[in-house]
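Below is one structure; the comments refer to it alone.
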There are 2 protein chains.
Amino acid sequence: MANPDYSLYLVTDRGLAGDRSLAGIVGEAVAGGVTCVQLREKLCGTRDFIDQARQLKALLQPAGIPLIINDRIDVALAVGADGVHLGQQDMAIAEARSLAGPAMIIGISAESLEDAIRAERQGADYIGISPVFATATKADAAAPLGLEGVRRIREAVKLPLVGIGGITEGNAGAVVAAGADGVAVVSAIIASRCPRTAATALRGQVDKARKETRM
Amino acid sequence: MANPDYSLYLVTDRGLAGDRSLAGIVGEAVAGGVTCVQLREKLCGTRDFIDQARQLKALLQPAGIPLIINDRIDVALAVGADGVHLGQQDMAIAEARSLAGPAMIIGISAESLEDAIRAERQGADYIGISPVFATATKADAAAPLGLEGVRRIREAVKLPLVGIGGITEGNAGAVVAAGADGVAVVSAIIASRCPRTAATALRGQVDKARKETRM
């Protein structure tokens, strides 16, 4: 997929979905304005992971929304996902590229300026700046980089940047104004009573900030 | 790898290794007579898993001992392992074959006669009969199939069969006499104070039973 739109990037968490279906929440979120979806599963078995990925692909492909798989290149290849997202403890970029081929989007979580510069040099397609703000969703998150961290990374790398960690309707615009191409959220949409409304509000802030920044 | 020797198949468990290195234990076990090694990691990150796999490959390849990776085809491909071992909740065989190619050994855990027949039909290369006896190593294990279960599966499928679950020096020979091509162990070697001696004793029982069975 050429030039994906990272404006509003949803990362899933089935633990936050409660008794609602993940596909249902993702469908609502896409209707509200999500532009990219990452399926993140840290506890389930491979077959269950693949089943979830197939469900999301059936939903996202007709809408032209990229499906990114967290960590698992085998799952991404099995379902024909658009990309994989790798943390610093996941497979190295060069290995991932070698298995996944040139067309697969490879995203990297960067927890520092050095991580981001290295990811660009090693051939990543986009960078998740993580965390921008403090977050309760990811227990092992590094220290927040803040808006100043986003600005410094923006000056140092050309790749698309997605800010993640503690993003809300109230601060999403500032993250884009600091240089991010989009924001990624987990709980702000997945745990919302109305994922569609939450997505619309976040997307509105991102679009508004981009418009103002480009003026 | 053509016609691997499944006589004594070691499945790793770092949790049972204590403060000893897994590679050290595996090296001892191979010196004692292990003929096949499966790296099983259910908790660690992908990068750590790959590092472990590379360490074992460096040890096993010169000895001509196949390295099988549990569940993760991405890890198996990244390190050039000889095979993958799939549980009933892991990737389906057809998908795994499509990703892994024709040369990769694909093993399947069968918890019933039906599982075993299906695995053979779907193109598995060997079958792990699991569990033969009751075991404390695998918390989610199915009901034991017993020696009678091994016999029934032996009559129904042509693939190499490896019995796993509660295997000891005392019962390994009976499992082979019932029709298995080998036995797989975790704690009997990994948790042993002397993995080499434990492997030699088990291998001796397997070889003895095979010799007697063929008479």
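Chain A is the first sequence line, chain B the second, and so forth, proteins listed ahead of strands; every chain is numbered from 1. Because the structure is a prediction, the values reported are computed rather than measured.
The parts of A92(A) that come within reach of chain B are both its backbone and its side chain, each placing non-hydrogen atoms under 4.5 angstrom from that chain.
Looking at every heavy atom in both residues, Q88(A) comes nearest to R47(B) through O-CZ, 3.3 Å. Scanning all heavy atoms of the two residues, the minimum distance from L99(B) to L77(A) falls at CD2-CB, 3.5 Å.
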Handout entry: CA sep, side-chain torsions, deciding dist, call: Q89(A), T46(B), side chain to side chain contact (heavy atoms under 4.5 Å, CB included)
Key = CA-CA 7 Å; Q89(A) 299 311 316; T46(B) 299; over 6 Å; no
Practice task
Please report the C-alpha distance between M91(A) and I50(B) in whole Å, then the side-chain angles of each, then the deciding distance to 0.1 Å, and finally whether the side chain to side chain contact (heavy atoms under 4.5 Å, CB included) criterion is met.
Solution key: CA-CA 8 Å; M91(A) 195 180 286; I50(B) 287 174; 3.6 Å; yes
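Residue-environment remark: CD (Q61(A)) stays at or below the threshold of 12 foreign heavy atoms within 6.0 Å. Atom CZ of R152(A) is surrounded by 12 or fewer heavy atoms from other residues, nucleotides or ligands within 6.0 Å. No more than 12 heavy atoms of other residues, nucleotides or ligands sit less than 6.0 Å from atom CZ of R196(A).
Considering CD1 of I73(B) and CG of D74(A), their distance stands at 6.0 Å, rounded to 0.5 Å.
Contact tally against chain B (heavy-atom pairs below 4.5 Å) for E95(A), R72(A), K42(A): the top residue is R72(A).
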